Amino acid sequence: MNSPTPVAQLCEPVAMRLLLIEDDDRIAGPLTEGLGRYGFTVDHVRTGRAGLADATGSPDLVLLDLGLPDMDGLDVCRGLRARSAVPIIMITARGEEADRIVGLELGADDYLAKPFGVRELVARIRAVSRRTSALPYTGSEQADTPEAIQPAAAAAQLGPLKINRRARQVHLGGQEIALTPREFDLLAYLAQDPEAVHSRQQIMDAVWDPHFFGPTKTLDAHVAALRRKLGDPAWITTARGVGFRLTVPVPGHDTDRGASG
């Protein structure tokens, strides 16, 4: 018997409770109905404050619009992440790179710009839930993270950069760097073989999911966020047309040349 195709797998129902924070009923209604066909239970609220209150009911995943009437969706994301590890997918008309980067830095697990199809959203929900359901927020040795996929030392030291996989902490020059779970996974994966070029597909398969649906621009957004948090874009250099590598910056280097792309 042939194995199911990705489309067939997508059609398989999944029992999950989603919290949809969206003020536009013209979007929320069809979206709730469409997700219901795939077996999802959707709780819909129209304001950020209601979403923060409803999130105490422990939804399996949050779909968060940024353009809310009472508060900015980015502030809602910040509030959710401060209290919970619940997976968050931002769904919004704001498609600019800066908005994606800020959202991911605040702890969102994915970012989907409107307009989009229900099938694409379902694929992203499945991909995010597969990652996060196997990855406790506090970090587990059995987690489906790059360090579990490919065994590595509990800690890595690259010049002033120290990555503690067991504690899921990163220190640069003795100062802790606050990373989102996905940013940590990306950095830890690159640190397994520093100076080596990792292809975009290798990174997506290891850090996201081998069956990830959607554009790889989310990888670029996470790389950009890591470069900013590390304070020097040369920490992650681009191999044009191939992928990325982690390297210790050389004093007096040309940052623009190494980090472009």
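Along the sequence shown, residues carry numbers from 1. Computed from a predicted model, the values in this text were never measured in an experiment.
- Taking the charged nitrogens against the carboxylate oxygens, Arg200 and Asp220 do have a contact shorter than 4.0 Å, which makes a salt bridge.
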- Task: Step by step, work out the side chain to side chain contact (heavy atoms under 4.5 Å, CB included) result for Asp185 and Arg168.
- Result: CA-CA 9 Å; Asp185 292 344; Arg168 294 184 66 82; 2.9 Å; yes
- Task: Start with the C-alpha distance between Leu219 and Val207, add both sets of side-chain angles, then the distance that settles side chain to side chain contact (heavy atoms under 4.5 Å, CB included), and finish with yes or no.
- Result: CA-CA 9 Å; Leu219 170 57; Val207 181; over 6 Å; no
- Just do the side chain to side chain contact (heavy atoms under 4.5 Å, CB included) check on Trp235 and Leu190 with the steps written out, would you? CA-CA 11 Å; Trp235 273 106; Leu190 294 176; over 6 Å; no
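- Pairing each heavy atom of Pro87 with each of Val128, the nearest pair is CB-CG1, 3.6 Å.
- Distance check: Met71 CE to Thr47 OG1 gives 9.0 Å after rounding to the nearest 0.5 Å.
- Residues Phe116 and Leu31 form a side-chain contact, since some pair of their non-hydrogen atoms from C-beta on lies under 4.5 Å apart.
- In the hydrophobic cluster analysis, where Ile, Leu, Val, Met, Phe, Trp and Tyr join through side-chain heavy atoms closer than 4.5 angstrom, Val197 is grouped apart from Leu186.
- Checked by atom type and distance alone, the side chain of His198 never pairs as donor or acceptor with a backbone atom of Gly243 at under 3.5 Å.
- At least one side-chain heavy atom of Ile125 sits under 4.5 Å from a side-chain heavy atom of Leu63.
- The minimum heavy-atom distance linking Thr92 with Leu66 is given by the pair OG1-CB, 3.7 Å.
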- Query: Which is it for Glu105 and Glu183 under the side chain to side chain contact (heavy atoms under 4.5 Å, CB included) test, yes or no, and what are the steps along the way?
  - Reply: CA-CA 8 Å; Glu105 284 186 335; Glu183 289 166 0; 3.9 Å; yes
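- Side-chain contact between Leu52 and Arg83 is present, with heavy atoms from C-beta onward closer than 4.5 Å.
- Residue Asp232 comes nearest to Pro249 through the heavy atom pair OD2-CB, 3.7 Å, listed as atom of the first residue, atom of the second, then distance.
- Leu104 and Ile91 end up in different hydrophobic clusters when Ile, Leu, Val, Met, Phe, Trp and Tyr side chains are linked at under 4.5 Å.
- Annotation: the span from Leu35 atom CG to Glu33 atom CD amounts to 10.5 Å, rounded to 0.5 Å.
- Between the side chain of Gln157 and the main chain of Gly159, a donor-acceptor pair closer than 3.5 Å is present.
- Salt bridge annotation for Arg81-Asp109: present, with a cationic side-chain nitrogen under 4.0 angstrom from a carboxylate oxygen.
- Residues forming a side chain to side chain donor-acceptor pair (under 3.5 Å) with Arg49 (at least two apart in sequence, or on another chain): Asp70.
- By the 4.5 Å heavy-atom criterion applied to side chains, Val86 and Pro59 are counted as neighbours.
- Summarising the geometry of Arg17 relative to Ser58, their closest heavy-atom pair is NH2-C, 3.5 Å, with the distance given to 0.1 Å.
- In this structure, Arg78 contributes its side chain and Leu106 its backbone to no donor-acceptor pair below 3.5 Å.
- Screening Leu68, Asp23, Leu20, Ile21 for a side-chain contact (heavy atoms from CB on, under 4.5 Å) involving Val45 leaves a single residue, Ile21.
- A heavy-atom distance below 4.5 Å is found between the side chains of Thr180 and Lys229.
- Val223 is not connected to Val242 by any chain of hydrophobic side-chain contacts under 4.5 Å among Ile, Leu, Val, Met, Phe, Trp and Tyr, and they are in different clusters.
- Rounding to the nearest 0.5 Å places CZ of Arg124 at 7.5 Å from CD1 of Ile89.
- Distance CE/Met16 to CZ/Arg126: 9.5 Å, rounded to 0.5 Å.
- Between Arg165 and Phe184, the shortest heavy-atom contact is CA-CZ, 3.8 Å.
- In the hydrophobic cluster analysis, where Ile, Leu, Val, Met, Phe, Trp and Tyr join through side-chain heavy atoms closer than 4.5 angstrom, Leu61 is grouped apart from Ile27.
- Atom NE2 of His222 sits about 12.5 Å away from atom CZ of Phe244, to the nearest 0.5 Å.
- Smallest separation of non-hydrogen atoms from Gly73 and Leu64: O-CD2, 3.3 Å.
- Taking CG from Leu19 and CG from Asp54, the interatomic distance works out to 5.0 Å, rounded to the nearest 0.5 Å.
- Under the 4.5 Å side-chain heavy-atom criterion for grouping Ile, Leu, Val, Met, Phe, Trp and Tyr, Ile163 is connected to Val248 within one hydrophobic cluster.
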